[in-house]
Structure formats: structure tokens, C-alpha cells
Amino acid sequence: YFRMALEVDSKNAVVNYYLAICLRAQAQAFQGADDDKFKAMLGEAVSYFDKTKELDPTQASIPWGYNRYSAYVQLYGENDARTKEAGYDK
């Protein structure tokens, strides 16, 4: 349903955020069992978190900072340059 909502309004930060949250939660089911699927879903979640940041850089609509950073840590690792660049925007 979130994907359908984005077809109507792709610039809705809240919908992008909740889609990212759902994808990240679904990815957890594949962690350890199918790491390729896990990484693919988590990567898609990160892209929606990034879109959320682009649409709401000050976190006025939704506090996306911690969840975005946490997804980066989970996907790339804490010491990866992409994770460090993502930072934790409070």
C-alpha cells in the first residue's frame, strides 16, 4: 500500500519513511537464511530512508535520523565510509 501511495505522491516524506521501515522489518526475516535477499531488501530500505532525508532534511515531519543510520550500520557496517557519511542526524 505504501508503494501505491507513492505512485500518487512520490514526494511524501512520511510514506517514504514508513515504506523504508516496513522493508527493513521484512529484511530481518532473511538475515542469516538468505543474505542476498536480506541485503537487497535492506538496500531498498536505505534508498527510501535517503529519499525521506531528501524530502524532509530537518526532520520536521518525521524523525528519520536514527532509523536511517541504523539501517546503514546493518547494511554496510559501522566503520564503512557510507555509514560514517550517513551519520546520525538527531
Subject >> Test item: Tyr69 and Lys84 side chains (from C-beta on) under 4.5 Å apart, heavy atoms >> reply: no
Subject >> Least distance between heavy atoms, Met41 atom then Ala27 atom >> reply: CB-CB, 3.7 Å
**OP:** Output all residues satisfying ring-ring contact (aromatic ring centres under 6.0 Å, His included) with Tyr72, sequence neighbours left out; order by chain, then residue number.
**Re:** Tyr76
Original post:
What closest approach, in Å, do Ala45 and Arg24 show between heavy atoms, and which atom pair accounts for it?
Top reply: CB-N, 3.9 Å
**OP:** Could you give me the CA-CA distance, side-chain angles and deciding distance for Lys51 and Glu54, then say whether salt bridge (Lys or Arg N to Asp or Glu O under 4.0 Å) is met?
**Re:** CA-CA 5 Å; Lys51 183 68 172 177; Glu54 175 188 319; 3.4 Å; yes
Original post:
Measuring from Phe30:CZ to Lys37:NZ, what's the distance to the nearest 0.5 Å?
Top reply: 5.0 Å
**OP:** Rounded to the nearest 0.5 Å, what's the gap from CD on Gln74 to CD on Gln31? Could you check?
**Re:** 5.5 Å
Original post:
Ignoring hydrogens and geometry, is there a side-chain-to-backbone donor-acceptor pair from Gln59 to Trp64 under 3.5 Å?
Top reply: yes
**OP:** Using the salt bridge (Lys or Arg N to Asp or Glu O under 4.0 Å) rule, take Arg3 and Glu44 through it: C-alpha gap first, then chi angles, then the decisive distance, then the call.
**Re:** CA-CA 12 Å; Arg3 288 181 202 272; Glu44 188 176 1; 2.7 Å; yes
Original post:
Counting N and O atoms only, with roles assigned by atom type, does the side chain of Thr52 sit under 3.5 Å from a partner on the main chain of Tyr48, one being a donor and the other an acceptor?
Top reply: yes
Original post:
Can you find a pair of side-chain heavy atoms, one from Asp56 and one from Ile62, that are under 4.5 Å apart?
Top reply: yes
For residues 14-21, dump all side-chain donor-acceptor pairs below 3.5 Å to protein atoms at least two apart in sequence or in another chain.
unit_1 : atom_1 : unit_2 : atom_2 : d
Asn16  : ND2    : Ser10  : O      : 3.2
Asn16  : ND2    : Asn12  : O      : 2.9
Tyr17  : OH     : Asn67  : ND2    : 2.6

Original post:
What closest approach, in Å, do Gly77 and Thr83 show between heavy atoms, and which atom pair accounts for it?
Top reply: O-OG1, 2.8 Å
Subject >> Worked verdict on Lys11 versus Asp9 for salt bridge (Lys or Arg N to Asp or Glu O under 4.0 Å) >> reply: CA-CA 5 Å; Lys11 295 185 188 286; Asp9 181 9; over 6 Å; no
